[in-house]
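Fair warning: this is a prediction, and the values are worked out from it, not measured in the lab.
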Amino acid sequence: MTTRTNSLKTTMQTSKNYEVRDPQSSIETQTLAINVGPQHPSTHGVFRMNVVLDGEVVTSLKPVMGYLHRNHEQIAENMSYAASMPYTDRLDYFNSMTNNFGWALTVEKLAAIDVPERVEYVRVIMAELTRLVNHVSAIGFLLNDLGAFFTPVLYAFREREKILDIFEEVSGSRMMCNYFRFGGLRRDVTPAVLEKIRGIVNKFPAFLDEFETLLTKNEILCMRCQNVGILPRDLAVNASITGPLLRASGVNYDIRKVDGYSVYNRFEFKVPLGPKGDVYDRYYVRILEMRESLKILDQALKGIPAGEIMAKKMLPFVKSPRNFKPPVGEAYGRVEGPKGELGFYVVSDGTAQPWRYHVRAPSFINLTILEDMCRGQKLADAIVILGSIDIVLGEVDR
Amino acid sequence: MEFMDQIFVNLKSTVLTLAGGFLPPWAVILLCAAISLGVIAVIGPVTMMYLTLIERKVLARMQNRIGPNRTGPWGLLQPLADGIKMLTKEDIVPKNADRIVHLVAPILIVIPALLVFAVIPFGKNMIPADLSVGVLYFLSISSTTTIAIFSASWASRNKYSLLGGMRAVAQMISYEIPMVLSVVPILLVTQSLSTGAIVRAQGAYGGWGWFVFTPWGFAAFITFFLCAVAECNRSPFDLPEAESEIVAGFHTEYSGMKFALFYMAEFMNAFTLSALAATLFLGGWQGPWLPSWAWFFIKTYALIFIMLWFRGTLPRFRVDQMMNLAWKFLLPLSLINILVAGFWHFANPPLAIGGSIAMLWASGWIFTRLNRDYTPEKRTYLFGE
Amino acid sequence: MFFGSGVIKGMLVTLKAFAASYFRGPDKGGIFTVQYPEQRLAEKENFRNFPFLVYDKTPDNLRCVACDICAKECPPKCITIVREFDKDNKPLKRPAVFSIDHTVCMNCGICEEACPFDAIFMDHNFEIASTDRQGDLLLQKEALLKSNDYFNKIRPTDASAIDAKRAEAEAKKKAAEQAAAAKAAAAAAAPKLAAAAADKPAVPTEPPKTV
Amino acid sequence: MRIAVSDASFTPPRVQGRNTRKGLTTLSMMPPLEFIIKMGIYALMTVCVAGALLSVLFRNLFHAALALTGVLLGIAGIYLALHADFLAMIQVLIYVGAVMTLVIFAIMLTERFGDASLRQFNHQSWAALGGGILLLTFLVRMIQTTPWPVKNQAALASPAVTVVQLGEALLGPYVFPFEIISVILIAALIGAIVVARKDLEA
Amino acid sequence: MIIPLEHFLIFAAVLFVIGLCGTLVRRNIVGILMSIELMLNAVNINLVAFSRSTSLDPVTGQIFAIFVVALAAAAVAVGLAIVIALYRVRKTICADEISLLKW
């Protein structure tokens, strides 16, 4: 039991519901420093938090990351542009399609490739399907941290399986899809697959309603999630938080609307915003976002045109991707991933290998404000707040 | 029906008369006690083993999967497999743990779990020991587990188990009081503490004599059942062993057979507490056609199913919410309940029924309004363009 | 409405799932578990596992010509190819050594895309667990070889498209050979004609039209 | 000593000894059973004494608390031997359930690292031991010499004090002490909270 | 009653003396409180033994024992509250170091 160090001397007025008073003034109690360590049932992968507890209340929390660092950016600088496409699957291994989308978009912006209509529609469909998969599993894992013994996760996984079967049929692998190519796709989508997607999209709202009756009005869930880990608007904007976290705090910023990249500006959908920005809002904003994605999928499935799947410009490079040499210059392409703004920054010096390659990972940036949200809350809440941020360590550590 | 009903009692008396032939009378008394003990020593662990299987099967079915079906037909040998696994697992004791207490704690937990079987009326004339202080015996013995859990967590010198131990003690004490108070109306009405007498008192006018059908009985049943779930650290109240927060709570540092003892104690507590709830409120072995012991097991396993159902659905309380529910909701409710039971007992019928239901409904409404900040808020979500 | 209503409604959902698991079919909320070793899921055609080399009819006339494109294209560099040399070390169009390291390969399918000779494709067989990490996870050429009709069996549409393309290329090549043979014969006959009709200008035979 | 063997339990009526209609059996004519029970009680007594000694002599306070819990459970057993069923259950419920938990909490809150190595006993240990033994001999002599007005054998086998009798006595002749006790408990409760509360007006 | 009254009284006396020695010898206040518990229980045994064997109305002894148990619980509660408050201020609970009435 380490006695309290003097580092807590300064009186910190952070979140309003608990102020850390100067310890020496009152009778000093022993604090408990515990490692919510890399090997812990609910840290969503290899992630450590050094938590200093006063009783059950968290006074300081230092996240420790880097256990899953695979040097992704350095590897990409020694390989051709196309060769690092399968590595982007491993960034946020829950939504490989949106990662591919981001990388393909960036290189298309760099080499000024225009993409056929049918490819744009298929990309939007695949991106929205990954958003469904990610949000459903994120809610499932949040409920797991709250203690519901695996039932919500398994309901979520039942729906996720159907979508992953679609990915397997289209791209060849359930999670490591490697399906997008610069200027097009690896393989065309057959009408049978489109039929199956339409079947899933028609049945998904019924599942969502059942999921909501199980969770949204559940008193214990409301007790555990409301007014817990409140993220004020200005802190969210200053810390450049993006994704459902930001929208739960009420900031209207969705890259699909802001950039309108690919064909998103053709679809009519709304962006849900949360009133308070606590764990409950993040949960409910994700459910509303799923309903919006279903609207987009409906419209995309209706409007998908026929046509070839690879841009004319890139046909010679299909057989020999490594001698694709984009012009000198730099490009930053970003995509509204399920976890936030997923950006790829690439600098090319005209050779076949990028000179500099950097990934803006939303989970990593969303993690920076974990301590501000957790200070003053209980240990049980700190775990739930971490769950509500919905991080994937592959993306955080790259 | 009488034959099926008393089949076990007659079996035992035939064995005793046979033994009576060549044994002195005092040895026959000992043999009778020994038979009862033997039956309990078999029922306890066997119910525990098959409760683990039932739990995994029921939870699986709630989650659209099948549950263990590889070991034996429909997975019936799974408890055997678990038992062997537990026996062969290495038993690790942390280096600076307090060795003696680390060994003693699991034993201290299992003893009350087994002692408590003595008072449960399995059927007509099938009570191992019909003590005149039966219910009080049950409650006081099951209150000793608090010390055992705390010594388990304190001895394993592990921060997570310390947190788990503190939560366990806080939870056990704050849910013991509403549990004892919710039993008091039953004792008022039956004027006896013995479980056998309580079950006999519920036999009146067919199945409708059960205490759960009276207003105060229903409120007491809800309070008692919630406290029972909290007492054996099961689902919405499983803070002491919250996997997602404090790894495995007070039995983090236990493995092998010691962990199996904790596991056995938890399930036997679940069985005995639902058995007591069934005895006190659902008329123990009272029931129209089936033999008495069949009714007892049906009611007990119905309550156990509800406990498993809780586990399959509900997320976990936080420490302060759990304490708040006990002290600010269940305790006042059970106190009011004693008042209502008295009123029900002495007022004449029309006023009694209406009055007690009104009193209970009003108190329930008042307490939820007093705990307003723990009730869910209404939220409106607007859509940015 | 009252305090516990949300919890109770939620519990009814799980109770419905519990009942459905006994009485409903797999797609209407019931149990859809596939008991793996006994029952199996239908295999998707585009599924890709570790690559394999295709040979036509007999294992030694391999399609692979050791051009080393796939080894260069492979992101994790798990393919090693050594070209075969005949007696007086003239390079032959066949690999002496072709090995894929299964511990490195992430079955991304880029080698299949990049191979100009349709020699390497992604397999469907995923039950290839091995007990020894070093030994048999580095598959040599013999272990990688699979016949063309195995390829047709697991991936009918792709295989038939590729066979059609190869057959047509075959036909074109044969036609080109005949044309070349005819031209050679004509060229051999030409000097006689030239001698006989030195004075007649050669008729420009137009080249065989490629279809 | 009678076993709580009433007719509703597992034993068939025919085999027991003389079965008085009140459902109690007197086993005077079964010496071996009496012998077993007597040995049981003496064993329980020695366990209690041993536990008491341990709880005084243990260096580690937590072990002392566990030993004391054992003693208290033993004493509950002695109450059963003295036909005081209700009191035995009260003893287990209040002492082992609440008081010992409180003591263990206090030990846990106040134990600092390395406390066990300090000297646990002060200098007057020998004097206290001598005085204690002196007192013990005096008491035992006094117990053996005075003629206790023990009731005759038949009355001794009277049935246990039932809860109903206790209830009537508590609210009959002893209603005044009963109310005073509740006042004292409330006072103790408030006192404990006020003293142990972390002062928050900093 | 197969066990004569004297044996119970001797047993209670032994327990009482052990509790007394514990109180005098222990330095840790919580230890002293535990020994006082022991003495109170010894007295309770005497009460119950006498009520069982000698008194005309067997109920009085047990009533008195119940009152003693209630009082002992209250005493321990207040005692430990004081100990915890004391420990916070002086960080020691050795009885002989807390002799000043004021700190």
Side-chain angles (χ1 to χ4, degrees), chain B residues 8-10 12-14 16-17 19-20 24-30 32-33 35-36 39 98 100-101 104 108 121 124-133 136-147 150-151 154-155 162 165-166 169 172-173 176 180 187 191-194 196-197 200, chain D residues 3-17 23 25 27 29-36 60 62-63 65-66 69-70 72-73 76 80 84-98 100-105 107-109 111 159-164 166-167:
Chain B
F8 293 111
V9 180
N10 300 348
K12 176 168 183 170
S13 54
T14 42
L16 287 177
T17 39
W26 59 270
V28 169
I29 299 278
L30 282 187
C32 142
I35 291 177
S36 310
V39 164
D98 187 335
I100 313 149
V101 181
V104 160
L108 276 182
K124 193 185 279 126
N125 298 343
M126 283 163 67
I127 303 172
D130 188 2
L131 299 177
S132 63
V133 281
L136 192 59
Y137 168 84
F138 189 104
L139 295 174
S140 55
I141 293 284
S142 70
S143 78
T144 55
T145 49
T146 320
I147 291 191
F150 194 79
S151 53
W154 174 252
L162 186 70
M166 297 237 275
V169 169
M172 302 280 263
I173 288 184
E176 214 172 286
V180 173
L187 313 180
Q191 273 118 30
S192 141
L193 275 165
S194 115
R200 277 192 294 277
Chain D
I3 323 169
V5 175
S6 68
D7 62 352
S9 86
F10 271 31
T11 45
R14 273 189 320 289
V15 171
Q16 284 177 48
T25 62
L27 293 141
M29 57 99 181
M30 296 213 182
L33 217 53
E34 268 181 28
F35 176 71
I36 292 171
N60 177 341
F62 190 69
H63 292 180
L66 284 187
T69 322
L72 295 175
L73 287 173
L80 280 179
D85 300 349
F86 185 72
L87 194 63
M89 296 311 143
I90 286 291
Q91 158 101 348
V92 172
L93 188 65
I94 292 186
Y95 267 119
V96 177
M100 281 321 291
T101 317
L102 204 59
V103 165
I104 288 182
F105 244 64
I107 292 171
M108 196 271 296
L109 279 176
E111 186 185 296
V161 173
T162 65
V163 180
V164 177
L166 275 178

Nearest atoms (heavy-atom pairs only) where D/G97 meets B/S143: CA-OG, 3.7 Å
- request: Could you look at D/I94 and say if it's the side chain, the backbone, both or neither that has a heavy atom under 4.5 Å from chain B?
  value: neither
- line: Smallest heavy-atom separation, B/I141 atom then D/V92 atom, equals N-CG1, 4.4 Å
- request: Compare all side-chain heavy atoms of D/V164 with those of B/Q191 and state whether any distance is below 4.5 angstrom.
  value: no
message: Measuring only between side-chain heavy atoms, which start at C-beta, is B/E176 closer than 4.5 Å to D/L93?
response: yes
message: For D/V163, which atoms come within 4.5 Å of any heavy atom of chain B: side chain, backbone, both, or neither?
response: side chain
Set of side-chain contact (heavy atoms from CB on, under 4.5 Å) partners for B/V104, sequence neighbours left out: B/I100, B/L108
- request: Using non-hydrogen atoms and a 4.5 Å limit, figure out which bit of D/T101 sits close to chain B: side chain, backbone, both or neither.
  value: both
- request: Answer with side chain, backbone, both or neither: which region of B/S151 has an atom nearer than 4.5 Å to a non-hydrogen atom of chain D?
  value: both
- request: With a 4.5 angstrom heavy-atom cut-off, could you sort out which part of B/D98 is near chain D: side chain, backbone, both or neither?
  value: side chain
- request: Would you mind reporting whether D/D85 and B/L131 have side-chain heavy atoms less than 4.5 Å apart?
  value: no
task: Compare all side-chain heavy atoms of D/M108 with those of B/F150 and state whether any distance is below 4.5 angstrom.
output: yes
- line: Ranking D/I90, D/V96, D/T162 by heavy-atom pairs under 4.5 Å to chain B gives rank one to D/V96
message: Rounded to the nearest 0.5 Å, what separates atom CG in D/L66 from atom CH2 in B/W154?
response: 12.0 Å
field: Pairs of heavy atoms under 4.5 Å with chain D: top-ranked of B/I147, B/V180, B/L193
entry: B/I147
field: Set of residues satisfying side chain to side chain donor-acceptor pair (under 3.5 Å) with respect to B/S140, sequence neighbours excluded
entry: none
task: Heavy atoms only: give me the nearest D/I36-B/W26 pair and the separation to one decimal.
output: CD1-CZ3, 4.4 Å
